Participant: 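Please see the structure below; I have some questions.
A quick note: this is a predicted structure, and the numbers were derived from the prediction, not measured.
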Amino acid sequence: MELKKYRYEFPPMEAHFVEAPSPRAVVEFLKRTYPHNWDEVLPTMVEIPEWPRYWKTLDQDGRPLPPNKS
């Protein structure tokens with residue numbers, strides 16, 4: 001399964017990075033992580049072509065996986 005990379009901001013101008021199999025998984029992650037204001041965070045989500053130094057990897061349900069030690 002190919003995972004895609006995504007960037008979102010919260011608070012504004014504070015970037016966060018995740019890897020997930022689909023945009024829907026990221027939306028589910030944002031809804032759980034920011035339950036009271038996910039609709040403000042969601043518009044900042046974009047797919048990115050490559051990784052920054054730090055990121056999270058999400059499973060199909062949008063739950064974070066442990067860091068890869070490779």
Participant: Taking D59 for the side chain and D61 for the main chain, is one N or O donor matched with an acceptor at less than 3.5 Å?
Facilitator: yes
Participant: Find out if a path of hydrophobic residues (ILVMFWY) with successive side-chain heavy-atom gaps under 4.5 Å connects Y8 to L42.
Facilitator: yes
Participant: Other residues, nucleotides and ligands only: do more than 12 of their heavy atoms fall within 6.0 Å of CZ on R32?
Facilitator: yes
Participant: Go through it in stages, so that I can follow the logic: the residues are V41 and M45, the test is side-chain contact (heavy atoms from CB on, under 4.5 Å), and I'd like the CA-CA distance, side-chain angles, deciding distance and then a yes or no.
Facilitator: CA-CA 7 Å; V41 180; M45 184 185 94; over 6 Å; no
Participant: Determine the minimum heavy-atom distance between P21 and A25, stating which atoms define it.
Facilitator: CD-CB, 4.2 Å
Participant: Check the pair V18 / T57 against side-chain contact (heavy atoms from CB on, under 4.5 Å), numbers first and verdict last.
Facilitator: CA-CA 5 Å; V18 296; T57 300; over 6 Å; no
Participant: My understanding is that only one of K4, E28, Q60 makes a side-chain contact (heavy atoms from CB on, under 4.5 Å) with S22; could you say which?
Facilitator: Q60
Participant: Is there side-chain contact between L65 and L58, with heavy atoms separated by less than 4.5 Å?
Facilitator: no
Participant: Can you tell if the side chain of Y34 reaches within under 4.5 Å of the side chain of F29, non-hydrogen atoms only?
Facilitator: no
Participant: For K5 and E19: C-alpha separation, side-chain torsions, deciding distance, then whether side-chain contact (heavy atoms from CB on, under 4.5 Å) applies.
Facilitator: CA-CA 4 Å; K5 299 153 185 72; E19 184 176 42; 4.1 Å; yes
Participant: Under the side-chain hydrogen bond (donor to acceptor under 3.5 Å, both in side chains) definition, can you give me all pairs with a residue in residues 35-46, not counting sequence neighbours?
Facilitator: none
Participant: Please answer whether the main-chain N or O of F10 pairs with a side-chain N or O of H16 as donor and acceptor at a distance below 3.5 Å.
Facilitator: yes
